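Quick one: structure below, then a few questions.
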There are 2 protein chains.
Amino acid sequence: MKLTSKGRYAVMALVDLARFDSINPVSLRDISLRQGISLDYLEQIFSKLRKKEIVQSVRGTQGGYVLNKKAREIKLTNIFDAVDEKVKTVQCKKESKKGCTGKLTKCVAHNLWDELEKHINDFFNEKSLEDLVKNNNEKRI
Amino acid sequence: MKLTSKGRYAVMALVDLARFDSINPVSLRDISLRQGISLDYLEQIFSKLRKKEIVQSVRGTQGGYVLNKKAREIKLTNIFDAVDEKVKTVQCKKESKKGCTGKLTKCVAHNLWDELEKHINDFFNEKSLEDLVKNNNEKRI
DNA sequence: ATGATACTTGACTATTTTAGTCAGGTTTAT
DNA sequence: ATAAACCTGACTAAAATAGTCAAGTATCAT
């Protein structure tokens, strides 16, 4: 299973974006400064977010990024999916004759892992970017 | 967050053990053959499980391992903990001045990650080795 | 028009983690 | 005594992670 810095950065950056993009496009430079994330790394991340149509880019001076959907409609699943954070547990080896062949003799862990994966995905499907922004604002009062 | 092959192997091996240890100690060789896990790797894993008193070793010929507790009392949390599979999400960098300082200005992801961690740990705390063995036996009918 | 700002892309890399292997033990039942 | 099985620590190849670096292109403000 993967859930690393890249996913965390994507979430942080998008919450930042959601808080400021109603006025102007937000430049990665600003996000970089506010969130302490390397600009080059942000570019990699936003390239992926753009391809998945989570954000839109505005080129040129005063350019930057804006959300491409309403914050309420952007679920965490979408974000993690976009930056290749697969919420997947390690799969059983296909070559392994013993244990898990995927049919009757599914390995013990297999079912468990499936179950866990579902749990986590449910959690991420419930949470939208809007939830996080709200939560963040409350904490700042 | 970590949830890799080592954790999966530990679970598979212990389920195997739980099914057979009522008669004799189970040798790692047998587990290795049945589950298709390298013997050397199993030894590493069982060394850790023994230190955490999840299994007991029986040395010498006809030796092997037995559970040190009832299957019902061994929770998945204990297993993952023993083999160093930390159910922890990536932490925020302490050096980072921006973002997360851990006090008032906790970074957005921080709360979310905490919440997720709790979710997963709850899931693992509910499941015991006994649950898995039962589940496994049902599937085999 | 032109410079500055900011997006865009792709290649590159150091570090860490993972998933083992290997070698050389010690213990004990038979 | 000897073979089975545990025990320990060091080692390593491959993959993943978390970036950096370089060389662009587009557009706005003036």
Side-chain angles (χ1 to χ4, degrees), chain A residues 1-10 12-13 17 20-21 24-33 35-52 54-66 68 80 83-86 88-93 95-96, chain B residues 1-10 12-13 17 20-21 24-33 35-52 55-66 68 80 83-86 88-93 95-96 109:
Chain A
M1 140 163 270
K2 286 168 58 182
L3 204 49
T4 61
S5 289
K6 196 189 285 185
R8 188 159 53 79
Y9 287 165
M12 288 166 68
L17 193 62
F20 294 106
D21 80 335
N24 285 313
V26 180
S27 73
L28 294 189
R29 191 166 168 282
D30 286 353
I31 296 179
S32 168
L33 290 173
Q35 305 295 332
I37 304 168
S38 135
L39 179 59
D40 283 314
Y41 205 23
L42 275 178
E43 278 169 355
Q44 258 187 57
I45 292 169
F46 271 77
S47 163
K48 293 182 178 203
L49 293 174
R50 192 176 62 79
K51 276 171 193 156
K52 293 285 180 163
I54 290 170
V55 297
Q56 239 185 339
S57 65
V58 180
R59 301 189 76 151
T61 319
Q62 302 292 95
Y65 285 92
V66 283
N68 198 26
F80 290 130
V83 296
D84 297 323
E85 292 264 298
K86 293 187 185 69
K88 280 209 160 190
T89 48
V90 180
Q91 296 303 321
C92 305
K93 284 183 196 164
E95 313 90 51
S96 164
Chain B
M1 140 164 269
K2 286 168 57 183
L3 204 50
T4 61
S5 288
K6 195 188 286 186
R8 188 159 53 79
Y9 286 165
M12 288 166 68
L17 193 61
F20 294 105
D21 80 338
N24 284 314
V26 181
S27 72
L28 293 190
R29 191 166 169 282
D30 286 353
I31 296 178
S32 168
L33 291 173
Q35 304 296 333
I37 304 169
S38 134
L39 179 59
D40 283 315
Y41 205 22
L42 275 177
E43 279 172 353
Q44 259 187 56
I45 292 168
F46 272 76
S47 164
K48 293 181 179 203
L49 292 174
R50 194 175 60 81
K51 276 171 192 155
K52 294 284 181 165
V55 297
Q56 240 186 339
S57 66
V58 179
R59 301 190 76 153
T61 319
Q62 300 294 92
Y65 285 92
V66 284
N68 198 26
F80 290 131
V83 297
D84 297 324
E85 292 265 299
K86 292 185 184 71
K88 280 207 160 190
T89 48
V90 180
Q91 297 303 321
C92 305
K93 284 182 197 165
E95 313 90 50
S96 165

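Keep in mind it's a predicted model, so treat the numbers as computed, not measured. Each chain gets a letter, A, B and so on, in the order its sequence line appears, and its residues count up from 1.
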Task: Side-chain N,O (Ser47(A)) to OP1/OP2 (dC7(C)) below 4.0 Å - done: no

Task: Phosphate OP1/OP2 of dT9(C) contacted by Arg50(A) side-chain N/O (<4.0 Å) - done: yes

Task: Distance, rounded to the nearest Å, where Arg29(A) contributes CZ and dA4(C) contributes P - done: 14 Å

Open item on the list: Under 4.0 Å from OP1 or OP2 of dG20(C): is there any side-chain N or O of Ser38(B) that close?
Closed with: no

Open item on the list: Please report the distance, rounded to the nearest Å, between CD in Glu43(A) and C1' in dC21(D).
Closed with: 11 Å

TODO: Would you please confirm or rule out a distance under 4.0 Å between OP1 or OP2 of dA18(D) and any side-chain N or O of Thr4(A)?
DONE: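 Indeed, a polar side-chain atom of Thr4(A) lies that close.
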
TODO: For dC7(C), take OP1 and OP2 only and decide whether either is under 4.0 Å from a side-chain N or O of Ser27(A).
DONE: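 False: Ser27(A) side-chain N/O out of range (4.0 Å or more) of dC7(C) OP1/OP2.
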
Taking only nitrogen or oxygen atoms into account, show me every contact under 3.5 Å that the protein makes with nucleotides 26-30 of chain D, one pair per line with its distance.
unit_1	atom_1	unit_2	atom_2	d
dA26(D)	O4'	Arg59(A)	NE	3.1
dA26(D)	O4'	Arg59(A)	NH2	3.2
dC28(D)	O2	Thr61(A)	OG1	2.9

Task: Closest-nucleotide 5' rank along DNA chain C - winner of Lys6(B) and Lys51(A) - done: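 Going by which nucleotide is closer to the 5' end, it is Lys51(A).
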
- [ ] Under 4.0 Å between any heavy atoms, over every strand shown, what does Phe46(A) touch: base, sugar-phosphate, or nothing? Just pick one.
- [x]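 If one applies the 4.0 Å heavy-atom cut-off, Phe46(A) turns out to touch nothing in the nucleic acid.
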
- [ ] Figure out the CG/P separation between Asp40(B) and dT12(D), and round it to whole Å.
- [x]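 After rounding, the reported distance stands at 16 Å.
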
- [ ] Determine, stepwise, if the pair Gln62(B) / Asn24(B) fulfils side chain to side chain contact (heavy atoms under 4.5 Å, CB included).
- [x] CA-CA 8 Å; Gln62(B) 300 294 92; Asn24(B) 284 314; 5.7 Å; no

Task: Tyr65(B) side-chain N/O to dC7(D) phosphate OP1/OP2 under 4.0 Å - done: yes

Task: Between dC6(D) (C1') and Leu49(B) (CG): distance, integer Å - done: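 Distance check: Leu49(B) CG to dC6(D) C1' gives 14 Å.
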
- [ ] Report the relative orientation of the aromatic rings in Tyr65(A) and Phe46(A); use parallel for angles under 30°, tilted for 30 to 60°, perpendicular for over 60°.
- [x] tilted

Open item on the list: What is the distance, to the nearest angstrom, from the NZ atom on Lys48(B) to the P atom on dC6(D)?
Closed with: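 Distance check: Lys48(B) NZ to dC6(D) P gives 18 Å.
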
TODO: Assign Val55(A) to base, sugar-phosphate, or nothing according to its heavy-atom contacts below 4.0 angstrom with the strands shown.
DONE: nothing

Open item on the list: So, OP1 or OP2 of dT17(D): does either fall under 4.0 Å of a side-chain N or O from Tyr41(A)?
Closed with: no

TODO: Identify, between Ser57(B) and Gln44(A), the residue whose nearest nucleotide on DNA chain D lies closer to the 5' end.
DONE: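 Result: Ser57(B).
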
